[in-house]
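Let me begin by presenting the structure, written as structure tokens, before commenting on it.
The model shown is predicted, which means the values in this text are computed figures rather than measured ones.
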Amino acid sequence: MSEAEDSSTGSSVGPFLGALTIIVAVVIAIWLFNVFSHDELTDDQQIARAVSAQNAALQQQNYAEFLVYTCSREWGEEAEILAQQRDSVAERGERIVERVAGVSVAGDRATAEVTYYFDNDADTKETVELELVRQEGVWKVCSTGPR
């Protein structure tokens with residue numbers, strides 16, 4: 001065999017390995033950014049989440065979940081709370097949280113203006129001021145909205 005026949009005509013592995021190294025470095029950088037970035041929710045966002053979650057728990061008639069997002073003075077008896085919810089749905093339809101605005105936080109207490117509507121009359125909106133407290137780092141709703 002001559003020298004010309006011995007030389008490889010294939011492409012080099014170098015560019016492939018270089019590209020693979022860059023891709024791995026980018027993936028690791030993205031992973032590290034996600035692990036070490038602490039994008040915690042603001043109080044406004046946490047409060048909006050608590051209001052929405054409490055409302056969703058009522059709509060699903062999930063009393064245990066309702067308790068998670070409701071301060072203890074509003075708990076009531078499970079049968080009574082769920083009966084009131086069923087009556088409300090029968091009369092007005094499911095209650096929808098349209099918006100949470102006007103949040104005012106003072107330490108572990110807050111108020112928020114919450115706009116609700118019921119799916120039987122979506123054009124009629126009701127805005128109420130809800131009270132909330134932060135207990136063990138979690139915002140909880142301490143007043144009832146429209147029923």
Side-chain angles (χ1 to χ4, degrees), residues 8-147:
S8 173
T9 57
S11 60
S12 172
V13 195
F16 172 75
L17 291 176
L20 183 60
T21 302
I22 291 171
I23 291 170
V24 168
V26 168
V27 169
I28 289 172
I30 291 170
W31 178 77
L32 287 172
F33 177 76
N34 286 332
V35 167
F36 293 109
S37 68
H38 297 288
D39 292 335
E40 294 184 20
L41 297 176
T42 65
D43 282 335
D44 288 20
Q45 292 168 325
Q46 291 176 33
I47 286 168
R49 180 178 284 180
V51 168
S52 296
Q54 183 211 40
N55 188 66
L58 277 175
Q59 300 317 304
Q60 298 164 3
Q61 296 186 31
N62 184 337
Y63 185 73
E65 190 72 10
F66 169 77
L67 297 180
V68 171
Y69 296 100
T70 306
C71 70
S72 59
R73 76 172 194 226
E74 294 293 323
W75 285 359
E77 294 295 320
E78 179 177 5
E80 182 181 332
I81 296 290
L82 296 181
Q84 289 173 355
Q85 177 59 25
R86 283 190 294 275
D87 292 346
S88 175
V89 170
E91 182 181 331
R92 301 179 79 183
E94 295 211 6
R95 185 177 74 178
I96 313 312
V97 174
E98 181 177 86
R99 127 190 131 105
V100 178
V103 174
S104 175
V105 177
D108 286 339
R109 298 196 171 281
T111 57
E113 295 173 5
V114 181
T115 302
Y116 295 97
Y117 67 89
F118 292 86
D119 63 3
N120 286 356
D121 186 9
D123 294 332
T124 302
K125 315 274 191 220
E126 296 180 52
T127 301
V128 296
E129 184 174 275
L130 295 184
E131 296 174 24
L132 298 99
V133 295
R134 184 175 14 218
Q135 296 175 328
E136 299 175 7
V138 178
W139 285 104
K140 298 185 179 231
V141 180
C142 291
S143 51
T144 60
R147 295 196 184 224

| message | For Glu126 and Tyr117: C-alpha separation, side-chain torsions, deciding distance, then whether side chain to side chain contact (heavy atoms under 4.5 Å, CB included) applies. | response | CA-CA 6 Å; Glu126 296 180 52; Tyr117 67 89; over 6 Å; no
| Can you check side chain to side chain contact (heavy atoms under 4.5 Å, CB included) on Leu67 and Tyr63, steps first, answer last? | CA-CA 6 Å; Leu67 297 180; Tyr63 185 73; 3.6 Å; yes
| field | Pair Gln54, Thr70: side-chain N/O donor-acceptor within cut-off below 3.5 Å | value |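 The criterion, which ignores hydrogens and geometry beyond distance, is satisfied for Thr70 and Gln54.
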Using a 3.5 Å cut-off and no angle test, enumerate the donor-acceptor pairs between side-chain atoms of residues 97-110 and protein atoms at least two apart in sequence or in another chain.
| unit_1 | atom_1 | unit_2 | atom_2 | d |
| --- | --- | --- | --- | --- |
| Glu98 | OE2 | Lys125 | NZ | 2.9 |
| Asp108 | OD1 | Arg134 | NE | 3.0 |

Closest contact, heavy atoms only, [X] versus [Y]:
X	Y	value
Leu58	Gln85	O-CG, 3.2 Å
Val114	Leu130	CG2-CD1, 3.6 Å
Cys71	Val133	CB-CG2, 4.0 Å
Gln46	Gly137	OE1-O, 4.3 Å
Phe66	Ala57	N-CB, 3.4 Å
Asp119	Gly93	OD1-CA, 3.0 Å

| request: Report yes if the side chains of Arg147 and Gln84 come closer than 4.5 Å at any heavy-atom pair, otherwise no. | output: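 Side chain of Arg147 against side chain of Gln84, heavy atoms only: contact under 4.5 Å found.
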| field | Verdict with reasoning, Leu132 to Val51, per side chain to side chain contact (heavy atoms under 4.5 Å, CB included) | value | CA-CA 9 Å; Leu132 298 99; Val51 168; 4.2 Å; yes
| request: May I ask you to decide if Tyr116's main-chain N or O and Arg95's side chain share a donor-acceptor pair within less than 3.5 Å? | output: no
| field | Worked verdict on Glu113 versus Thr127 for side chain to side chain donor-acceptor pair (under 3.5 Å) | value | CA-CA 6 Å; Glu113 295 173 5; Thr127 301; over 6 Å; no
Nearest 0.5 angstrom please: [X] [atom1] to [Y] [atom2], how far?
X	Y	atom1	atom2	value
Leu41	Ile47	CG	CD1	11.5 Å
Asn55	Gln60	CG	CD	9.5 Å
Glu91	Phe118	CD	CZ	9.0 Å

| said: Applying side chain to side chain contact (heavy atoms under 4.5 Å, CB included) to Gln59 and Val89, what does each step give before you reach the verdict? | reply: CA-CA 8 Å; Gln59 300 317 304; Val89 170; 4.1 Å; yes
